[in-house]
Amino acid sequence: MQLQQKATYLVGTHVGISMRNGQGVSGKLCGVQGGEVYVLQYMYTSQFATFHYPFNQINDIYHYPNC
């Protein structure tokens, strides 16, 4: 499945994102727009922030498994 289609399918779920630079991020996938994914991530205490990552920096997106 193409990465953008996979991301669109996973909107609203918790995901882990493998970046091409070897790093990873996780959070709730809020949307896909303009060649980017928008992810709500936990920051500190009760603070959350939405970050956006371009598809050309993403290696793959994984759905969180059940507990």
Side-chain angles (χ1 to χ4, degrees):
M1 178 183 301
Q2 184 184 356
L3 188 58
Q4 191 165 353
Q5 288 176 316
K6 185 176 185 180
T8 302
Y9 175 75
L10 293 173
V11 168
T13 66
H14 292 90
V15 297
I17 300 176
S18 170
M19 306 299 287
R20 292 186 190 268
N21 66 5
Q23 295 180 326
V25 296
S26 62
K28 187 170 186 176
L29 184 58
C30 294
V32 177
Q33 182 178 351
E36 298 180 325
V37 295
Y38 289 80
V39 182
L40 181 65
Q41 293 177 236
Y42 173 71
M43 299 300 294
Y44 179 74
T45 347
S46 62
Q47 297 176 350
F48 294 83
T50 302
F51 291 84
H52 55 99
Y53 301 99
F55 280 109
N56 64 0
Q57 294 179 10
I58 298 173
N59 190 42
D60 207 351
I61 301 175
Y62 303 95
H63 186 279
Y64 260 59
N66 292 330
C67 291

| note | Across all chains, not counting sequence neighbours, the side-chain contact (heavy atoms from CB on, under 4.5 Å) partners of Asn56 are Pro54

| said: With rounding to the nearest 0.5 angstrom, report the CD1 to CZ distance, Ile61 to Phe55. | reply: 5.5 Å

| query | Does anything in residues 50-62 pair up under salt bridge (charged side-chain N to carboxylate O under 4.0 Å, His left out), and if so which pairs, sequence neighbours excluded? | reply | Lys6-Asp60

Name each donor-acceptor pair under 3.5 Å that joins a side chain in residues 32-39 to protein atoms two or more places apart or in another chain, with its distance.
unit_1 : atom_1 : unit_2 : atom_2 : d
Glu36  : OE1    : Tyr38  : OH     : 3.3
Glu36  : OE1    : His52  : ND1    : 3.1
Glu36  : OE2    : His52  : ND1    : 3.2

| task | Tell me who clusters with Leu40, hydrophobic residues only, linked when side chains sit under 4.5 Å apart either directly or through other members. | result | Tyr42, Phe48

| remark: Going by chain and number, the hydrophobic cluster around Tyr64 (ILVMFWY, side chain to side chain under 4.5 Å) further includes none

| task | Please collect all salt bridge (charged side-chain N to carboxylate O under 4.0 Å, His left out) contacts where either partner lies in residues 40-52, sequence neighbours excluded, each pair once. | result | none

With a 3.5 Å cut-off and sequence neighbours excluded, list the donor-acceptor pairs that the side chains of residues 11-18 form with protein atoms.
unit_1 : atom_1 : unit_2 : atom_2 : d
Thr13  : OG1    : Leu10  : O      : 2.6

| field | Atom pair CE/CD1 of Met19 and Ile58 - distance to nearest 0.5 Å | value | 5.5 Å

| query | What residues, two or more places apart in sequence or in another chain, satisfy side chain to side chain donor-acceptor pair (under 3.5 Å) together with Gln41? | reply | Tyr53

| All pairs passing salt bridge (charged side-chain N to carboxylate O under 4.0 Å, His left out) where residues 17-29 contributes a residue, at least two apart | none

